Amino acid sequence: MRTDPWTMMADKPGNEGETNVITKTKPKTQRPPMYKVLLLNDDYTPMEFVVHVLERFFGVSHAQAVEIMLTVHKKGVAVVGVFSYEIAETKVAQVMDFARRNQHPLQCTMEKED
Ligand code: TYC
């Protein structure tokens with residue numbers, strides 16, 4: 001014997017004249033929030049150091065690294081990547097630690113994507 005809602009709700013003796021409405025609710029697939037990793041300009045960190053950081057921690061080519069570095073240099077800030085919270089946190093910590101160990105004031109932060 002069938003017991004699925006479509007069969008149960010079907011017009012038949014005992015269900016005469018009733019309106020059969022079944023709403024299928026689509027399960028909302030919710031994505032985890034993503035975080036932008038930002039690199040900030042300063043007057044002291046050498047350009048080559050920033051380029052090296054971008055190649056080393058963000059896996060970009062030398063040409064891309066130079067391009068991003070120059071964007072930060074000219075505009076003051078640039079998004080260098082978008083990651084899950086944990087990955088973004090790790091990238092920021094790696095950059096900040098590497099800059100500090102090399103005595104450069106380079107700043108890297110993260111920001112939740114809208
Ligand atoms: N403005 C620095 C300089 O002229 C270079 C620089 C670029 C520093 C990007 C930080 O995130 C930065 N040496």
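Sequential numbering from 1 along the given sequence is applied to the chain's residues. Each ligand, and each atom within it, is numbered from 1 in the order the structure gives. Quick caveat, the model's predicted, so the values are computed rather than measured.
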Next item on the list: Can you sort out which atoms of ligand 1 are near Leu40, meaning under 4.0 Å from one of its heavy atoms?
Entry: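 Heavy-atom distances to Leu40 below 4.0 Å select 10 (C), 11 (O), 12 (C).
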
Note to self: Quick check on contacts: which atoms of ligand 1 are under 4.0 angstrom from a heavy atom of Leu106?
What the structure shows: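 What qualifies from ligand 1 is 10 (C), 11 (O), 12 (C).
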
For [atom], closest protein heavy-atom neighbour:
atom: atom 8 (C) of ligand 1; answer: Asn41 OD1, 3.4 Å
atom: atom 9 (C) of ligand 1; answer: Val72 CG1, 3.6 Å
atom: atom 13 (N) of ligand 1; answer: Thr45 O, 2.9 Å
atom: atom 4 (O) of ligand 1; answer: His73 CE1, 3.1 Å
atom: atom 2 (C) of ligand 1; answer: Asp42 O, 3.2 Å

Using a 3.5 Å distance criterion without hydrogens, assess whether the side chain of [X] forms a donor-acceptor pair with backbone atoms of [Y].
X: Lys91; Y: Val37; answer: no
X: Thr45; Y: Leu106; answer: yes
X: Asp42; Y: Tyr44; answer: yes

Checklist line | Partner residues of Thr29 under the side-chain hydrogen bond (donor to acceptor under 3.5 Å, both in side chains) criterion, sequence neighbours left out | finding: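 Partners of Thr29 under the side-chain hydrogen bond (donor to acceptor under 3.5 Å, both in side chains) test: none.
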
Check: Are the aromatic rings of Phe98 and His52 close, with centres under 6.0 Å apart?
Finding: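 Ring centres of His52 and Phe98 closer than 6.0 Å.
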
Checklist line | Ion pair check, Glu111 and Lys36, cut-off under 4.0 Å | finding: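 Yes, Glu111 and Lys36 are salt-bridged.
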
